Trainee: 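Have a look at this one.
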Protein chains: 2
Amino acid sequence: MADEEPTSIWMQPERQERSGPGRRPGYSREQITRTAVRIADAEGVEAATMRRIAGELGTGAMSLYRYVPRRDDLFDLMIDLAMSEVELPDGPSGDWRGDLALLARRIRATGLRHPWLIALLTSRPTLGPHLLRVHEFALGTFDELGLDIDDSTGLVAMLNDYLHSAIRREIGWLEEARRTGLDPERWKRDYMGPYVRQVVESGAFPLFNRSVLDSRTAHLAPEERFRHGLDRILDAIAALIPSLRPPRAERR
Amino acid sequence: MADEEPTSIWMQPERQERSGPGRRPGYSREQITRTAVRIADAEGVEAATMRRIAGELGTGAMSLYRYVPRRDDLFDLMIDLAMSEVELPDGPSGDWRGDLALLARRIRATGLRHPWLIALLTSRPTLGPHLLRVHEFALGTFDELGLDIDDSTGLVAMLNDYLHSAIRREIGWLEEARRTGLDPERWKRDYMGPYVRQVVESGAFPLFNRSVLDSRTAHLAPEERFRHGLDRILDAIAALIPSLRPPRAERR
DNA sequence: TCTCATTTGCGTACATGGTACCTGAATGGC
DNA sequence: GCCATTCAGGTACCATGTACGCAAATGAGA
């Protein structure tokens, strides 16, 4: 009776272990979510179908709908479960740059451990508690500097944008290869390679050519590349801070 | 016989109007792509199914496979068709900031006209000719300043990251509402609203609360918000430029 | 003009997906 | 021990991408 009005998954708490009548639940949201995450980690989100998850739990697909209204809501739960792995200090330490670098490393590690995470996260507006927690931490580092909330939000967005796209780049073609069923080496060599070679040889895009042929960073280890990009973003943020609105203390 | 080895769509040119024997093609890749784009614009990518596109063209679903190997390749074609609408000058004008602002406005306009574009673009590695053209233009504005190709690529990525996430934010919940079948107002008020209200009232995330309650930019027109963010990114880029590697001219 | 190899049009069919619905089994309060 | 309530999960429906196969069209060579 209460599920006529569709609302956010976070507003529909899981059935409790109440003392009323009725059969006791044999599974739980967390158990289902954990299973979905495990499958998605190993074989991609598209493998985490309702039937497959249920099968892994030894039950039928429709049983899951007692715990999760729609598959999309399960995605939200998966995102939040993954984000719960991002461990952070209780609050900013006073070294905003160090705090944000820590945040960045943790998010990258989580994003690599769950290659589907960033794709899901950026494909829909979702606001699970753990995402809020991480967001709050990032806002905190700027608040400590006395920045306006709008400016803080903007800078956090800037950092997030970098994180998401850098992680995606790092995973990108690996995931694409898996999706198309080719092994990554073959995909790069036989699928994308010939096209890039043709573009390069056409000479139509000389700067793109240079970015392919003359790049120094292309041969760096992924961590190094990530750190370079991160340093640049943090430099940009550092450069921006003094020019932003005066801190609250000075404004009154 | 030639389609055993899977390769990029851009490497498999459309059957030409050759003079050999055989029935003449009744459709074309462009015609199919255009139809797909029209449907996706009006009802979302998920509505642009093979059957639907074919139906719109007055034929059967399987006919499309004479022109496009897989649905994913059709997505690549759609992306590139949309990107072809981004009109740009032949080369940089000397005012890099103006050039990039123009680029940003054009991409935003295109992204709003095709609400599925950014989502597809960021969900997979794709490199159509028109995407390359736009990318080349962006690289050109930095090359003109004498920047190293790796640094130029990094700055272009920074701008792109902002564009993608800003456009996505602007479209975001509108698309989500459409996907779930609710009308946008209801979605905001009945679906997301109650949850955000609960989070706010819990007081667990004070800075998030301020970003919701005390925000000044939240009431701005979308264009204004976009321009604010764009100005900030361009400021950041401007601040970064002097600190980057010395221009090629000085390096020898 | 008559083959005939070649290429397109497209109906049929299959596997796989989300999920609505329904029946039966479990459970605890009265 | 009855009964309202809740969960388990089978069956079923519809939509999707696409493999396969055959008929229709087409133009070159005879």
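Each chain gets a letter, A, B and so on, in the order the sequences are listed, and its residues count up from 1. Just so it is clear, the model here is predicted, and its values are computed rather than measured.
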Trainee: Please classify the nucleic acid contact of Arg66(A) as base, sugar-phosphate, or nothing, using heavy-atom distances under 4.0 Å.
Mentor: base
Trainee: What's the closest nucleotide to the Pro25(B) side chain, out of dT8(C), dG18(C), dG17(D)?
Mentor: dT8(C)
Trainee: For the pair made of CD in Glu43(A) and P in dT16(C), what is the distance, rounded to whole Å?
Mentor: 14 Å
Trainee: Distance check needed: dA15(D) C1' versus Ile53(B) CD1, whole Å only.
Mentor: 15 Å
Trainee: Without decimals, in angstroms, what is the distance between Gln31(B) CD and dT8(C) C1'?
Mentor: 14 Å
Trainee: Check the distance between dA15(D)'s C1' and Glu46(B)'s CD and give it to me in whole angstrom.
Mentor: 13 Å
Trainee: Please confirm whether Arg108(A) makes a cation-pi placement over Phe226(A), using NZ or CZ under 6.0 Å from the six-membered ring centre and within 45° of the ring normal.
Mentor: yes
Trainee: Where the side chain of Tyr67(A) is concerned, which of dT19(C), dC7(D), dG9(C) is the nearest nucleotide?
Mentor: dC7(D)
Trainee: Quick one: does Arg51(A) reach the base of dG18(C) with a side-chain donor-acceptor pair under 3.5 Å?
Mentor: yes
Trainee: Take Tyr162(A) and Tyr162(B), measure what ring-ring contact (aromatic ring centres under 6.0 Å, His included) needs, and give me the verdict at the end.
Mentor: CA-CA 9 Å; Tyr162(A) 169 70; Tyr162(B) 169 70; over 10 Å; no
Trainee: CG of Leu64(B) versus C1' of dT18(D): gap in Å, rounded?
Mentor: 11 Å
Trainee: Asp72(A) has an atom CG; how far is it from atom C1' of dG18(C), in whole Å?
Mentor: 10 Å
Trainee: Do Arg23(B) side-chain and dT7(C) base share a donor-acceptor contact under 3.5 Å?
Mentor: no
Trainee: Within the structure shown, what part of the strands sits under 4.0 Å from Ser63(B) by heavy-atom distance: base, sugar-phosphate, or nothing?
Mentor: base
Trainee: Take the protein atom CD1 of Ile32(A) and the nucleotide atom C1' of dA8(D), then report the distance between them rounded to whole Å.
Mentor: 12 Å
Trainee: Give, for atom CE of Met83(B) and atom CG of Leu121(B), the distance between the pair rounded to the nearest 0.5 Å.
Mentor: 6.5 Å
Trainee: Let me know, please, whether Gly60(B) or Tyr65(A) comes out on the 5' side of the other along DNA chain C by nearest nucleotide.
Mentor: Gly60(B)
Trainee: Quickly work out the Met50(B) CE to dA19(D) P distance and round it to whole Å.
Mentor: 10 Å
Trainee: Drop me the distance from Ser28(B)'s OG to Leu57(B)'s CG, to the nearest 0.5 angstrom.
Mentor: 9.0 Å
Trainee: Can any side-chain N or O of Arg106(A) pair as donor or acceptor with the backbone N or O of Glu87(A) at less than 3.5 Å?
Mentor: yes
Trainee: Identify, between Ala47(A) and Met62(A), the residue whose nearest nucleotide on DNA chain C lies closer to the 5' end.
Mentor: Ala47(A)
Trainee: Answer yes or no: does a side-chain N or O of Arg24(B) lie under 4.0 Å from OP1 or OP2 of dG27(D)?
Mentor: yes
